[in-house]
Number of protein chains: 2
Amino acid sequence: MSLPHALLTSLLERPSSGSDLARRFDSSIAFFWPATHQQIYRELGRMEQAGWVEAMPEARGRRKVYTCLPAGRAELERWAREPVDVPVVRDALLVRLRADAALGPLGLEGHLRDRLATHESRLAAYEEIARRDFGRELDRTARVQRAILEAGIAHETQAVQWCRGALAALDA
Amino acid sequence: MSLPHALLTSLLERPSSGSDLARRFDSSIAFFWPATHQQIYRELGRMEQAGWVEAMPEARGRRKVYTCLPAGRAELERWAREPVDVPVVRDALLVRLRADAALGPLGLEGHLRDRLATHESRLAAYEEIARRDFGRELDRTARVQRAILEAGIAHETQAVQWCRGALAALDA
DNA sequence: GTAACCATGTAAGTGGTTACATGATTGC
DNA sequence: GCAATCATGTAACCACTTACATGGTTAC
């Protein structure tokens with residue numbers, strides 16, 4: 001259950017409303033912890049109950065801006081030390097490949113080309129961010145942030161290469 | 001919802017009982033579609049209802065051996081042509097790294113070393129399988145099977161390298 | 001024959017997804 | 001002023017997880 005802690009981190013970086021968070025998740029955190037606005041609002045409600053965050057309704061506006069409280073910060077530090085599971089991977093394309101091996105050619109080349117295109121475009125986007133945000137001397141904070149981005153870059157690079165190899169295996 | 005189709009594929013390869021499937025999932029399919037025995041029994045029940053598989057109670061035994069029926073095979077072929085989503089990644093370690101960047105050093109080196117060890121050991125296991133099962137001329141079926149294994153090898157290789165880089169980023 | 005284990009299940013809980021609702025704000 | 005959009009939700013559903021149950025089989 002990392003969503004509340006991802007939200008706490010995001011709120012530490014900058015106090016935000018639910019919709020702000022939904023947008024920021026979409027553009028940055030989504031690649032390692034995607035969340036919809038429904039999840040985010042539900043979780044913000046729980047976190048307010050727990051006393052981890054505080055909601056400030058904007059004067060003249062329907063928005064509520066949330067701030068991380070000291071209890072939220074303490075919870076984040078406590079949680080960071082908990083054991084971490086290796087993330088589970090569930091890839092329906094590999095299931096399809098196994099079905100192809102069992103049944104004979106199923107015409108999966110199109111699926112593989114689609115996926116290759118997705119990974120190539122994500123990789124290009126991440127590399128652009130790396131150039132823009134980390135093309136200089138880095139302090140510790142920036143080095144850790146870059147390590148997070150490098151996880152995405154490494155993942156997409158590997159995926160691109162694998163797709164090409166798998167296409168060759170189907171083709172030959 | 002790929003579990004039923006992973007099970008159909010497994011049953012095509014060899015008719016099996018629920019506990020057989022649970023064991024085989026653990027040793028091979030688990031790395032791209034893990035499932036517990038509870039999930040497997042429930043799904044086998046649904047698949048029998050749907051007429052995709054047939055259950056044969058063993059004479060003198062509590063085991064039920066399931067076989068894939070033609071309708072199951074047809075369903076598998078139909079499903080293989082459906083669009084495939086790129087799998088979602090949710091990695092709580094990256095959330096922790098982002099918290100570290102926001103809060104200051106949280107001592108995540110231990111978590112990273114644990115994960116590195118996990119990936120190294122999985123990688124060694126996959127490479128052993130690759131040597132044992134694919135160290136020869138390969139027909140198409142074997143090439144596809146090797147492509148599936150290569151997905152695991154590529155993933156673990158990338159993860160090992162990333163962990164080392166991330167440890168360096170925290171250390172320096 | 002009894003203890004340990006094996007195969008098959010049931011039940012409750014949780015996080016995430018999808019579909020829909022509502023009222024406030026902005027653009028024209 | 002009216003339509004489109006925005007911010008904040010509610011509700012139902014579903015796959016997966018975890019904990020427990022039951023009755024048959026095997027080892028000794």
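We use all heavy atoms of the structure for the numbers below, so side chains are in, but hydrogens, waters and symmetry mates are not. All chains are named by letter (A, B, ...) in the order of the sequence lines, taking the proteins before the strands, and each is independently numbered beginning at 1.
At whole-Å resolution of the value, NZ in A:K64 and C1' in D:dC6 are 15 Å apart. The interatomic distance linking A:D20 (CG) with D:dT8 (C1') rounds to 13 Å, in whole Å. Rounded to an integer number of Å, the gap from CG of B:L44 to C1' of C:dT8 is 11 Å. Between B:R63 atom CZ and C:dG9 atom P the separation is 13 Å, expressed in whole Å. Atom-to-atom, CG of A:D85 to P of D:dT18 comes out at 8 Å; the value is rounded to the nearest Å. With rounding to whole Å, A:Q38 atom CD is found 14 Å from D:dA11 atom P.
Neither side chain, A:H119 nor A:Q158, offers a donor N or O lying under 3.5 Å from an acceptor on the other. Side-chain atoms of A:S16 and A:R24 form a donor-acceptor pair, as typed in the model, at a separation below 3.5 Å.
With distances taken from any side-chain atom of A:R46 to the nucleotides C:dT17, C:dG15, C:dT8, the minimum falls on C:dG15. Comparing atom distances between the A:R90 side chain and each of D:dT17, D:dT8, C:dG9 picks out D:dT17 as nearest. In the set D:dT18, C:dC20, D:dC16, the nucleotide with an atom closest to the side chain of B:Q39 is D:dC16. Residue A:H37 has its side chain nearest to D:dT8 when only C:dA19, D:dT8, D:dT18 are considered.
Nucleotide D:dT26 is matched to C:dA3 when pairs are restricted to Watson-Crick or G-U wobble geometry with both distances under 3.5 angstrom.
Both B:L44 and B:L12 are members of a single hydrophobic cluster when ILVMFWY side chains are connected at heavy-atom separations under 4.5 Å.
For the side-chain contact (heavy atoms from CB on, under 4.5 Å) test with B:W162, the passing option among B:L116, B:L167, B:L112 is B:L112; the others fail.
Comparing B:S17 and B:V88 along DNA chain C, the residue whose closest nucleotide (by nearest heavy atom) sits nearer the 5' end is B:S17. Projected onto DNA chain C by closest heavy-atom contact, A:M1 and B:G18 fall at different nucleotides, the more 5' of which corresponds to B:G18.
Residue B:T36 places none of its side-chain N or O atoms closer than 4.0 Å to OP1 or OP2 of D:dT18. A close approach under 4.0 Å does not occur between any side-chain nitrogen or oxygen of B:Y41 and OP1 or OP2 of C:dG9. One finds no side-chain N or O of B:W33 lying less than 4.0 angstrom from the OP1 or OP2 phosphate oxygen of D:dA15.
The ring pair (Phe, Tyr, Trp, His ring centres under 6.0 Å) check on B:F31 picks up B:Y126, with sequence neighbours excluded.
You'll find a donor-acceptor pair under 3.5 Å spanning the side chain of A:R42 and the base of C:dG16, going by distance alone.
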